[in-house]
Amino acid sequence: MILKGNELMKKTRVRSTLARATLLVSLLSGVALTLQGCPLVVIGAMGGAVGGGTLVATDRRTLGAQTEDREIQVKAKSRIGESLPDQAHVSVTVFNRRVLLTGEVPADQWKQKAEEVVRGINNVNSIVNELAIQGASSLSSRTNDAYLESRVKGALVGEKDLRANYYKVVCERGTVYLMGLVTREEGNAGANVAAQVPGVAQVVKVFQYIKPEEAQALSAAAASGASAAAAPAPANSDATVGAVPDSSVSSTPLDVQAPAPVKNSDVHPGSPAPAGK
């Protein structure tokens with residue numbers, strides 16, 4: 001069968017359009033996988049190909065803080081891996097320039113060494129060193145932690161009065177660590193939800209607290225589509241340091257288990273990196 005010139009051109013354009021659409025979907029899928037903890041809404045992905053697509057993500061951190069968090073995490077993981085023995089299992093989580101260290105190390109000297117390494121990185125404001133001095137956790141323990149982490153995230157999503165994307169969830173040996181820029185009320189509510197998830201042994205709040213009016217301003221900026229960099233910077237976001245009273249779990253316990261105990265993290269101020277680092 002011989003196609004006329006205009007029919008051949010028409011088929012070529014159709015194939016080209018489909019190829020572009022397929023590439024767009026692949027790229028958007030990759031972006032969604034890399035933005036952990038940030039719900040992503042894709043609008044008009046197929047309408048008008050690239051021109052009609054809009055990505056909306058909510059994050060109370062400024063764009064600068066988000067960029068610095070990624071840089072701190074990459075550097076911390078790399079330098080800790082180079083400085084600590086193979087027997088160490090260290091996880092690094094960074095939120096708003098606060099570094100959370102979890103996992104296991106064979107001796108106290110390595111726990112202190114990991115913290116020392118992080119202190120030598122630019123832009124670190126504070127460190128929460130939750131490393132345990134013991135043998136590295138087993139594969140089954142880490143698998144269970146991943147399962148509990150997903151259960152806690154699901155429980156937060158299921159609470160209609162909470163914004164799950166305001167919380168960063170980390171689980172280590174059954175202990176759940178919650179990070180985020182939240183008001184005290186939001187922090188207590190999120191901790192109470194996590195404490196009632198079956199299997200959670202303890203909840204540790206690693207929050208940086210902001211005032212209700214600051215939270216409203218940040219939410220309004222996100223809702224209007226304004227750049228996070230244009231939103232007011234949270235004041236005294238490191239108020240966690242020695243200033244947070246213990247929280248009690250007031251919700252009714254589940255039948256399967258009583259709520260896990262909740263405590264506040266011990267935060268150590270960071271130190272600026274030496275010149276040239």
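For reference, positions follow the sequence shown, starting with 1.
Residues satisfying the salt bridge (charged side-chain N to carboxylate O under 4.0 Å, His left out) test with Arg97, not counting sequence neighbours, are Glu68. Contacts of Thr175 classified as side chain to side chain contact (heavy atoms under 4.5 Å, CB included), with partners at least two apart in sequence or in another chain: Tyr177, Gln202, Val204. Checked against side chain to side chain contact (heavy atoms under 4.5 Å, CB included), Thr143 has the following partners two or more places apart in sequence or in another chain: Leu139. The side chain to side chain contact (heavy atoms under 4.5 Å, CB included) check on Ser138 picks up Ser140, Ser141, with sequence neighbours excluded. Every residue meeting the side chain to side chain contact (heavy atoms under 4.5 Å, CB included) condition with Glu159, not counting sequence neighbours, appears here in chain and number order: Leu162, Val193. Residues satisfying the salt bridge (charged side-chain N to carboxylate O under 4.0 Å, His left out) test with Asp145, not counting sequence neighbours, are none. For Arg173, the salt bridge (charged side-chain N to carboxylate O under 4.0 Å, His left out) partners are Glu104, not counting sequence neighbours. Judged as a salt bridge (charged side-chain N to carboxylate O under 4.0 Å, His left out), and not counting sequence neighbours, Glu71 has no contacts.
In this structure, CG on Leu101 lies 7.0 Å from CD on Glu115, to the nearest 0.5 angstrom. The structure places CD1 of Ile121 at 7.0 Å from CD1 of Ile80, a figure rounded to the nearest 0.5 Å. Atoms OG1 and CD, on Thr183 and Glu186 in that order, are 3.5 Å from each other to the nearest 0.5 Å. The CG atom of Asn264 sits 9.5 Å away from atom CZ of Phe207, with the distance rounded to the nearest 0.5 Å. Rounding to the nearest 0.5 Å gives a distance of 12.0 Å between CG of Leu156 and CZ of Arg151. In this structure, CD in Glu172 is found 9.5 Å from CD in Glu149, a value given to the nearest 0.5 Å.
Checked by atom type and distance alone, the side chain of Gln134 never pairs as donor or acceptor with a backbone atom of Pro106 at under 3.5 Å. One N or O on the side chain of Glu214 and one on the backbone of Lys211 form a donor-acceptor pair closer than 3.5 Å. Panel note: side chain Arg142, backbone Ser137; a donor-acceptor pair is recorded below 3.5 Å. With hydrogens and angles ignored, the 3.5 Å screen pairs a side-chain donor or acceptor of Gln196 with a backbone N or O of Asn192. Looking at Tyr167, its side chain never comes within 3.5 Å of a backbone N or O of Ala191 through a donor-acceptor pair. Side chain of Ser78 to backbone of Val74: no donor-acceptor contact under 3.5 angstrom is found. Checked by atom type and distance alone, the side chain of Asn165 never pairs as donor or acceptor with a backbone atom of Asp59 at under 3.5 Å.
Within 6.0 Å of CD on Gln109 lie more than 12 heavy atoms contributed by other residues, nucleotides or ligands. Heavy atoms from other residues, nucleotides or ligands lying under 6.0 Å from CZ of Arg163 number 12 at most. For Asp108, the CG atom counts as densely surrounded, since its 6.0 Å shell holds more than 12 non-hydrogen atoms of other residues, nucleotides or ligands.
Taking every heavy atom of both residues into account, Gln73 and Thr93 meet most closely at OE1-CA, 3.9 Å. Here the closest heavy-atom approach between residue Arg79 and residue Ser83 is recorded as O-OG, 2.8 Å. Considering all non-hydrogen atoms of both residues, Gly199 and Leu148 come closest at O-CD1, 3.5 Å. Cys171 approaches Val176 most closely through the heavy-atom pair SG-CG2, 4.2 Å. Ala195 approaches Val262 most closely through the heavy-atom pair CB-CG2, 4.1 Å. Pairing each heavy atom of Ala194 with each of Val152, the nearest pair is CB-CG1, 3.8 Å.
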*asked:* Show, in sequence, the C-alpha distance, side-chain angles and deciding distance for Val124 and Ile72, and conclude whether the side chain to side chain contact (heavy atoms under 4.5 Å, CB included) test is met.
replied: CA-CA 7 Å; Val124 172; Ile72 291 170; 3.9 Å; yes
_Using the rule given for side chain to side chain contact (heavy atoms under 4.5 Å, CB included), can you reason through Val182 versus Ile210, listing the C-alpha separation, both sets of side-chain angles and the distance that settles it, and then say yes or no?_
CA-CA 6 Å; Val182 297; Ile210 57 178; 5.7 Å; no
*Determine, stepwise, if the pair Val92 / Leu100 fulfils side chain to side chain contact (heavy atoms under 4.5 Å, CB included).*
CA-CA 6 Å; Val92 180; Leu100 170 65; over 6 Å; no
*Worked verdict on Lys75 versus Asn122 for side-chain hydrogen bond (donor to acceptor under 3.5 Å, both in side chains)*: CA-CA 10 Å; Lys75 290 178 181 178; Asn122 278 324; over 6 Å; no
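The shortest side-chain heavy-atom distance between His268 and Val128 does not fall under the 4.5 Å cut-off. Residues Val203 and Leu178 meet the side-chain proximity criterion, which asks for heavy atoms closer than 4.5 Å. Annotation: side chain of Asn188 is in contact with side chain of Lys205 (closest heavy-atom distance under 4.5 Å). When side chains are defined from C-beta on, Leu181 counts as touching Arg61, because their heavy atoms get closer than 4.5 Å.
Counting only residues at least two apart or on different chains, no salt bridge (Lys or Arg N to Asp or Glu O under 4.0 Å) pair has a member in residues 131-140.
When each of Asp69, Thr62, Leu63 is paired with Gln66, the side chain to side chain contact (heavy atoms under 4.5 Å, CB included) condition holds for Leu63 and for no other.
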